[in-house]
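Some notes on the structure that comes next.
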Number of protein chains: 2
Amino acid sequence: MSSADITSNSQTGMIPLQATATNRELCPHNAKISCASCRLNKLCLPIALDNSEIHQLDNIVKRNRPYKKGDHLYRQDDAFESVYVVRSGSIKSYILSDSGKRRVTGFFLPGEIIGMDGIASKIYANSTMALEHSSICEIPFTQLERLSQQLPNLQHHFFAIMGNEIAKDQKIHTLLSSYTAEQRTASFLLGLSTRYGRISLSPTRFLLPMIRIDIGEYLGLTVETMSRVFTALQRKGLIAVNNREIELLDIEALRGIIAAS
Amino acid sequence: MSSADITSNSQTGMIPLQATATNRELCPHNAKISCASCRLNKLCLPIALDNSEIHQLDNIVKRNRPYKKGDHLYRQDDAFESVYVVRSGSIKSYILSDSGKRRVTGFFLPGEIIGMDGIASKIYANSTMALEHSSICEIPFTQLERLSQQLPNLQHHFFAIMGNEIAKDQKIHTLLSSYTAEQRTASFLLGLSTRYGRISLSPTRFLLPMIRIDIGEYLGLTVETMSRVFTALQRKGLIAVNNREIELLDIEALRGIIAAS
DNA sequence: CAGGAATGTTGATCTGGATTAAGATTTGAC
DNA sequence: GTCAAATCTTAATCCAGATCAACATTCCTG
């Protein structure tokens with residue numbers, strides 16, 4: 001690689017992603033921001049609320065200082081206190097099984113809610129860790145329940161959020177129980193694409209916030225297989241990969257891979 | 001097999017299960033029963049409610065006539081109206097993917113709640129079918145929400161039920177993404193054991209309400225593999241299998257299989 | 001209760017992805 | 001800027017479970 005294109009990929013000719021909008025730019029790590037003025041309020045809990053209701057929600061939201069990469073929001077078996085919403089950055093959740101195996105159970109992007117697995121048992125079933133510098137809103141659950149009792153819209157919306165999580169988990173169940181490595185990966189990338197699109201980032205060009213090992217642990221595949229699949233999809237011209245940079249070149253073909261046989 | 005032991009398994013010497021308490025006996029298909037007098041009211045929604053609250057819940061519960069084996073409660077893509085609680089019998093839920101693959105997403109025993117996957121999108125993501133003659137309570141969701149608004153205990157409990165579903169689905173995610181066929185099967189059997197125990201049936205001796213194909217589609221395995229694993233576990237003396245009859249002979253060893261490496 | 005369909009079992013073979021191994025590249029700390 | 005650790009890639013081999021095939025058993029239905 002010559003010094004002239006030191007930041008671009010000479011094989012794919014990809015322009016470095018730094019030049020485009022990023023997660024960071026969209027959501028500055030500004031702890032002072034209120035729900036009413038948050039850019040995510042069309043995605044997050046406020047979506048169903050009117051102004052006075054948003055104000056009440058605002059009063060129970062704790063805006064802690066940003067988490068650094070590798071920081072934990074909470075750990076498996078901690079007492080359940082709060083659910084969390086990603087304001088900027090990204091989070092992974094993972095479980096350590098009895099046998100010591102580590103499995104990633106989810107990735108969370110801005111606007112997405114973390115910690116609902118602890119609601120029933122009052123103990124978190126997962127650990128959750130920041131994948132990069134991230135701002136998080138904390139919502140003490142007891143207060144959220146109390147407020148839901150007063151605001152039918154909030155209760156309704158929170159039921160919907162939990163229902164959505166259940167439907168999503170069932171889709172993953174299907175994915176893991178019968179899809180090939182390539183199909184799982186295509187599905188994972190298309191899922192990220194949709195989620196980035198929702199927060200007004202490019203749905204075809206994004207930076208993976210997680211390492212290959214994490215993706216593998218999420219999809220039930222080894223790192224080596226992840227690497228091979230990325231290479232294969234690139235060779236077929238469906239994606240361009242440069243390290244953590246991903247470009248989806250042929251979304252229809254990716255959908256076709258998932259639908260196959 | 002001689003005519004003398006026509007109903008027992010000459011290899012395992014198992015006494016036929018018909019002689020023990022069954023699902024049917026526990027929960028007669030009596031449509032007249034109220035939540036207050038239902039044997040499941042320590043498991044189901046009433047658990048958190050006082051007498052007057054149970055009465056209000058009772059008023060919104062529809063007790064349809066029993067479903068015959070193979071009947072659908074609802075089908076994938078139907079408009080979401082209600083959640084359902086199994087009173088007696090058993091239900092499976094399944095998804096048909098774009099590619100035509102059928103995957104079982106869950107099994108539901110008495111006291112368990114069905115249909116929460118439709119809450120967010122207002123469309124059921126699964127089809128649900130009775131595995132045997134089953135009685136089901138239907139709870140129109142709009143009315144359940146309205147009542148939850150009035151009864152904090154009910155709201156709290158329903159949040160807990162949904163949280164439990166989320167935690168359970170994540171466990172399955174872990175199971176499917178890294179466990180062997182034998183580990184998945186052991187985990188499945190121990191899970192059933194716990195659930196039968198909860199409804200006061202034997203946790204070590206029960207009748208599988210589903211066929212091998214269904215178990216395989218749930219665990220991401222083929223029928224042939226299911227059959228081989230059952231045979232292997234039987235040979236090791238951990239279980240006794242006679243068609244749909246299962247006896248868990250060594251629960252600790254089954255736990256050990258799951259924990260291994 | 002007879003006969004066909006559905007379900008379950010067992011064996012032989014094949015294969016996708018794991019495992020093992022060895023480098024290459026990137027990242028982060030000093 | 002340098003160096004060690006972390007991450008990623010590629011290749012060779014292996015194996016758990018899929019697939020293919022044949023048959024046994026159980027369940028329905030008339």
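Quick note on labels: first sequence line is chain A, next is B, and so on, each numbered from 1.
- Between the CD atom of E217(A) and the P atom of dA18(C) there is a distance of 12 Å, given to the nearest Å.
- Aromatic rings from Y94(A) and Y218(A) are positioned such that their centres are separated by 6.0 Å or more.
- Comparing I213(A) and A181(B) along DNA chain D, the residue whose closest nucleotide (by nearest heavy atom) sits nearer the 5' end is I213(A).
- Residues D169(B) and Q170(A) bring no donor and acceptor atom of their side chains to less than 3.5 Å of each other.
- One can place OH of Y179(B) at 18 Å from P of dA16(D), the figure rounded to the nearest angstrom.
- For R212(A) and dT25(C), the CZ to P distance is 15 Å, given to the nearest whole Å.
- Two end axes, each from the C1' atoms of five base pairs, can be drawn for the helix from dC1(C)-dG30(D) to dC30(C)-dG1(D); they diverge by 60°, to 10 degrees.
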Q: Treat primed atoms plus P, OP1 and OP2 as sugar-phosphate and everything else as base, then score nucleotides 18-25 of chain D 5' to 3': B for base contact with protein heavy atoms under 4.0 Å, S for sugar-phosphate contact only, - for none.
A: SBB-----
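- When rounded to the nearest whole Å, the span between CD of E245(A) and P of dT7(D) equals 19 Å.
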Q: Take Q76(A) and D78(A) through the side-chain contact (heavy atoms from CB on, under 4.5 Å) test and state the conclusion after the steps.
A: CA-CA 6 Å; Q76(A) 194 169 344; D78(A) 281 357; over 6 Å; no
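- To the nearest 0.5 Å, atoms CD1 (I239(B)) and NZ (K236(B)) are separated by 10.5 Å.
- Whole-Å rounding puts the L219(B) CG to dA16(D) C1' distance at 15 Å.
- Taking the six-membered ring wherever Trp is involved, the centroid distance between the rings of Y74(B) and Y84(B) falls below 6.0 Å.
- Residue R244(A) places at least one side-chain N or O under 4.0 Å from the OP1 or OP2 atom of dC8(D).
- Judged purely by distance below 3.5 Å, without hydrogens or angles, the side chains of S93(B) and T105(B) pair a donor atom with an acceptor atom.
- D214(A) pairs by the salt bridge (charged side-chain N to carboxylate O under 4.0 Å, His left out) definition with K92(A), R102(A), not counting sequence neighbours.
- Here CZ of R75(B) is found 10.0 Å from CG of L96(B). Values are rounded to the nearest 0.5 Å.
- Once rounded to the nearest 0.5 Å, the distance linking CD1 of I257(A) with CG of L189(A) reads 10.0 Å.
- K68(A) places its NZ atom 14 Å from the P atom of dG28(C), with the value rounded to the nearest Å.
- As a whole-Å value, the separation of Q183(B) CD from dG17(D) P is 9 Å.
- Taking atom CD1 of residue I211(A) and atom C1' of nucleotide dT27(C), one finds them 12 Å apart after rounding to whole Å.
- Distance from the side chain of K69(B) is smallest to dC28(D) among dT9(C), dT9(D), dC28(D).
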